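What follows is a single structure, written as structure tokens, with notes after it.
Heavy-atom basis, side chains included; hydrogens, waters and symmetry copies ignored. Throughout, numbering of the chain's residues begins at 1 and tracks the sequence. Owing to the predicted nature of the structure, the values given are computational and were not obtained by experimental measurement. When a ligand or atom number is given, it counts from 1 through the structure's own listing order.
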Amino acid sequence: MGDSKTTVFGTRFGFYLVAIGSAFGLGNLWRFPYVAVENGGGAFVLLYLFLVFLIGMPLLIAELALGKISRNSLIPAVGKLLGERYQVRDIRERVSQPPAWLRLGLRHLGGFSMAITIIVLAYYAVISGWVLHFLMQLLVSAFDPERFRPDGALKVLLDNGWLQLLLTSVHLLTVGIIVAKDLEFGLEKWVGYCMPAFVLLVIGLAVKSLNLESAHEALRFLFYPDFSKLTLASAGQALGHVLFTLSVGFGSMVTFGSYLSEKAYLPMAGFRVSTLDSLISLWAGVMIFPLVVYGGQEFSGPQLLFQTVPHLVKQIPGGNWFGVGFFLCLYLASLGASIGLFETVVANWREARRMPRPKGAFLVAAVCFVLAVGPALSTSVLSNVRIGSYGLLGFFDAALINWCLPIAALLISQAVCWMLKQDLVRAEFVDPELPGSERLFKHWIFVLRYVVTPVVVLALVLQLIALF
Ligand code: PHE
């Protein structure tokens, strides 16, 4: 893909690999389990699944449609909708003039989404660094399993912020070089190909976990909904996590949509990506929760994954190699997701400001590095900096995912359902060979207009009330 815009996904399969490679990442294995534990398990998991299909999937399809129809990333695509940019093909719906608040929101949407993407990428890189650390620790002790101490490995990392910063820069540099050299799609596909191996590893570890005494209680915790455990903030947290895990609200799916071939059928793509992504998160829960129940209160927060999996690995004969496989795949998954975040910003800057790819990549890496300093030092040098009950990393994560992301997603959905030419959107859905596709379109646009908006607003309001 040079600067002239051509589709890169020659085959449908290629697109799936890339979209799934981006959706599937630390969100499924690192974030989902600890957020579910914080919100009391079963009822939250149910709420999460409900919101994946009610809100996440329609929004995912909306982003893909915006990209595919405008053949642009988020900033220029919204510019076209606002009539601020030259357009080759008219994509604006002329019937309704957007109200002033929407115009104002949309004018800042691009910058807002890019800011979210860059900050998330920064602390995502810190956690990717944690993954690298465990990968190396397990690799070094693979021939001498007795040497590996799960708690020790975590403590070394948490006590040493500079080590975290070093690992973060290694990760950012790797991603930066891949995106600067325009290798991301080759690599994303590669990540996609590794997925089956990863799924097998997670299932293998989950089976081991299910043999623990605590498994029964853990499954109950994961699947039995006790609604009294939900708090006012739970809906916002579930919604934020749905958007994060499906890569919605960042503009990533707009960029990917713009690279799609004419033939691609969006509703199916949205359905498959959402389903697969949720299944993986559930397996991650099955794998991790028996250990959480086993370990009691000590296991919680952003460190959860790193407190549990290494213990599990220790209990399996030859488990260090299992661990190496797990953290290797996890690293590839986080690499794939980081590439998706990175590419989103670079593509937007390239299209909106004509910034050359290598310069954009360098700039993103540099800004992320600066922004990562706080989260990387948040468990050591800066451990006494607390905002409410959060450390710096937890605060970034909660503020962006639970608050900013839903607002960005809401604005994108407004743009698609009110301002994008409806005939063009309909054409993405209606396929004469598919009976019922017209009805599918009607349902989707209805949900986008009259369900997504109130649900997102309600979740935000409840969260606001909980804050006070
Ligand atoms: N969905 C990814 C995850 O679950 C995060 C991500 C967001 C990746 C946006 C790319 C773009 O980890």
> Do other residues, nucleotides or ligands put more than 12 heavy atoms under 6.0 Å from F362 CZ?
Replying inline: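 Atom CZ in F362 is not packed in, count stays at 12 or less.
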> Touching ligand 1 at all, W30? Heavy atoms, strictly under 4.0 Å?
Replying inline: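 It does not, in that no heavy atom of W30 comes within the 4.0 Å cut-off of ligand 1.
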For ligand 1, which atoms sit closer than 4.0 Å to a heavy atom of [X]?
X    : answer
T245 : 1 (N), 4 (O)
F250 : 7 (C), 9 (C)
G27  : 3 (C), 4 (O), 12 (O)
N28  : 4 (O)

> Among G340, S281, S334, A23, which residue places a heavy atom closest to atom 3 (C) of ligand 1?
Replying inline: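 Looking at heavy atoms only, the winner is A23.
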Heavy atom of the protein closest to [atom] (residue, atom name, distance):
atom                    : answer
atom 8 (C) of ligand 1  : S22 O, 3.2 Å
atom 5 (C) of ligand 1  : F244 O, 3.8 Å
atom 11 (C) of ligand 1 : S252 OG, 3.2 Å
atom 12 (O) of ligand 1 : Y124 OH, 2.5 Å
atom 6 (C) of ligand 1  : S247 OG, 3.6 Å

>> Regarding T255 and S73, do their side chains bring together a donor and an acceptor under 3.5 Å, going by distance alone?
In response: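 The answer is yes; a qualifying pair exists.
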>> My understanding is that only one of Q237, H241, K229 makes a side-chain hydrogen bond (donor to acceptor under 3.5 Å, both in side chains) with N39; could you say which?
In response: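 Running side-chain hydrogen bond (donor to acceptor under 3.5 Å, both in side chains) over Q237, H241, K229 with N39 returns exactly one hit, Q237.
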> Looking at E343 and R357, does any basic side-chain N land under 4.0 Å from a carboxylate oxygen?
Replying inline: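 Counted as a salt bridge, because a side-chain N and a carboxylate O are separated by less than 4.0 Å.
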> Does a salt bridge link E351 with R71, judged by any charged N lying under 4.0 Å from a carboxylate O?
Replying inline: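 Answer for the salt bridge query: no.
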> Taking both backbone and side-chain atoms of A337, is any N or O found less than 3.5 Å from an N or O belonging to ligand 1?
Replying inline: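 There is no such contact.
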> Would you say L26 has any N or O atom under 3.5 Å from an N or O of ligand 1, going by distance alone?
Replying inline: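 Looking only at distances, the answer is yes, because the N/O contact criterion of under 3.5 Å is met.
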> Could you give the distance from CG (L132) to CG (L157), rounded to the nearest 0.5 Å?
Replying inline: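 One gets 10.5 Å once the value is rounded to the nearest 0.5 Å.
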> How far apart are the C-alpha atoms of Q307 and Y34, what are their side-chain angles, what is the distance that settles it, and do they pass the side-chain hydrogen bond (donor to acceptor under 3.5 Å, both in side chains) test?
Replying inline: CA-CA 11 Å; Q307 290 167 326; Y34 91 75; over 6 Å; no
> Is the distance between the ring centroids of F326 and F198 less than 6.0 Å?
Replying inline: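 They qualify: ring centres under 6.0 Å apart.
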> Strictly under 6.0 Å, is that where the ring centroids of H171 and Y331 end up?
Replying inline: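 Yes, ring centres under 6.0 Å apart.
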